[in-house]
2 protein chains.
Amino acid sequence: MARSTGKSEAVYERLKGDIESLRLRPGAKLSEVQLGEELGASRTPVREAIRRLAREGLVDFVPGEVARVAAISLGGVRALFDFRMLLEPRAAASVATAGAVDERVLAPFRELLERLEEFDESFRALDAAAQARSYQEFYEVTEGFDQAVIAACRNPYLARTIRDLRSETVRLRHLSHSGPRRMLTSLEEHRAMLKAIVQGDAQAAEAAGRHHLAQTLQALIDSLTGQDFAIGANIHLDVARQ
Amino acid sequence: MARSTGKSEAVYERLKGDIESLRLRPGAKLSEVQLGEELGASRTPVREAIRRLAREGLVDFVPGEVARVAAISLGGVRALFDFRMLLEPRAAASVATAGAVDERVLAPFRELLERLEEFDESFRALDAAAQARSYQEFYEVTEGFDQAVIAACRNPYLARTIRDLRSETVRLRHLSHSGPRRMLTSLEEHRAMLKAIVQGDAQAAEAAGRHHLAQTLQALIDSLTGQDFAIGANIHLDVARQ
DNA sequence: GCGCACATCTTTGTATACAGGTTAGCGGGG
DNA sequence: CCCCGCTAACCTGTATACAAAGATGTGCGC
């Protein structure tokens, strides 16, 4: 049965989706038996999935204790973005450098830039309600950008580390729901990053990447502190002790 | 039995040691049942240990296939050091910054600097044979430095990522055996890093960290290419297909 | 002598059983 | 009314059993 079924993978994907989408709230207990029954699997695959999610930061895991969906704290969010700011701008810069030598690595970025311009044009023509609905389409472009950077990354350690941070990032996105105004600035930031990469300007790509992350963090914090969550210095967001 | 025995942990530590020390050669098969018999454990803890080691880069793991001790390639070594060069100098710099504000974080580094000076003095008085024997003592200081940086690291993501790279780094050290000459330059590099941190000079700490890693990589490559290993462009080091 | 097919054996994935902690709820005492 | 200790259910760690998928090696045919 070795390579065919992939039950462990299925459980992992399912759990990851549920946590990212906040269907499973921070602090919720992840009992191996209970999840196994719900997902139609035995404890072994569930165990494995939980360990994988723990390494991606989506699950708080202490040996011998019940695993819980990872808590969200303002301090944690800051640390995450500090770290991303160290890695991702550097990756963008290295892609720009590589693209100047080997034209082929630029193809996905040219395409993304094109999609972005198209989106921009059509977006401006919409009314507010339709703009809000176009969120999904914009999200796909930005997600595509992040994935393209990872794929173009020459250094496997860097690529893997950036990829490992994506799950947490995605969950935070689901938490914030920033409006059309942020969407426009984010669009501008992505245009800057894409242009810098396509033009082979590593320094500009790095700067644009840094700027984008800083803006994203700020928008995230604004959105969070504006909500009815209880946020303290480094206090955890509300937690479902379920 | 949850938190008391720690069989999984024991198997993990044992395997990690065996791989780091090259007792288990790159490419060696890691059969769950076989290892379980050797270490007196069942498949479950062995499985878990193998997964953990895979995430640390000590094991090559493909679902459904036999896990193998990770191969070593020149390209992989370069990638590892490229990545470390992104993280560790930054961590050193952030420790220097933090130390300028909070004197307490500097204590371990002051102590390490003292130990280093002592070692330096006694080392110079030794003959070549005794110098070679003092390797272990020097190693403890450098390892202590790396651990102190990790411990002082404010950002948990950065700390964890640096820590995860240590196993691979340690294994490479076991592979190279650089001589007393390198030991002296390395000592000088550590002195520079420690002084910069203690003086709260973040920029100098970052530069010294970068320099140290560059020198270490060069020494490693020299040592490797001087051995009877077959190294190609990005070809793997000899591999025990055992 | 060489190549292919089949049978066997090893190895992983998954399920389940058992042993011992951990935690949470409940009741009694201060 | 609150706090502490006990009990009981739950949950994890580990071992073992079973099924399928590869890998291997052998023997037969050409």
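Below, read A as the first sequence line, B as the second, and so on, with proteins coming before strands; counting in each chain starts at 1. Computed from a predicted structure; not experimentally measured.
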From CG of B:L39 across to P of D:dT14 the rounded distance in Å is 13 Å
Result for 5'-nearest mapping on DNA chain D, choosing between B:G40 and A:V33, is A:V33
Atom CD of B:E65 and atom C1' of C:dT12 are separated, to the nearest Å, by 11 Å
5'-most contact on DNA chain C (nearest-nucleotide basis), A:R43 vs B:R43, goes to B:R43
| request: Could you tell me whether B:T44 contacts a base, only the sugar-phosphate backbone, or nothing, with contacts defined as non-hydrogen atoms closer than 4.0 Å? | output: base
* Please state whether the phosphate of D:dC10, meaning OP1 or OP2, lies under 4.0 angstrom from any side-chain nitrogen or oxygen of A:K29. => no
Between NZ of A:K7 and P of C:dT14 the distance, given in whole Å, is 8 Å
Find out whether B:V141 and B:H190 are in side-chain contact, i.e. whether some heavy atom of one side chain is under 4.5 Å from a heavy atom of the other. no
message = Taking the side chain as everything from C-beta on, heavy atoms only, tell me whether B:R166 gets closer than 4.5 Å to B:Q147.
response = yes
Testing C:dG13, D:dT12, C:dT14 for proximity to the side chain of B:R51, the answer is C:dG13
Of the listed C:dG13, D:dC11, C:dA15, the closest approach to the A:S42 side chain comes from C:dA15
Any donor-acceptor N or O pair under 3.5 Å, side chains B:Y135, B:E140
no
Other residues, nucleotides and ligands only: do more than 12 of their heavy atoms fall within 6.0 Å of CZ on A:R55? yes
>> Considering every strand and a 4.0 Å limit on heavy-atom distances, what is the contact class for A:L30: base, sugar-phosphate, or nothing?
In response: sugar-phosphate
B:E48 atom CD is separated from C:dG13 atom C1', nearest whole Å, by 15 Å
Would B:S176 and B:R182 count as having a side-chain donor-acceptor pair, cut-off 3.5 Å?
no
Between CD of B:E32 and P of D:dT14 the distance, given in whole Å, is 15 Å
Side-chain contact check for B:P45: nearest option of C:dA15, D:dC11, D:dA15 is D:dA15
Picking from C:dA15, C:dA24, C:dT12, the nucleotide nearest the side-chain atoms of B:R47 would be C:dT12
B:E37 CD to C:dT10 P, in whole Å, measures 11 Å
B:L35 atom CG is separated from C:dT10 atom P, nearest whole Å, by 16 Å
Whole-Å distance, A:E38 CD to D:dC11 P, equals 12 Å
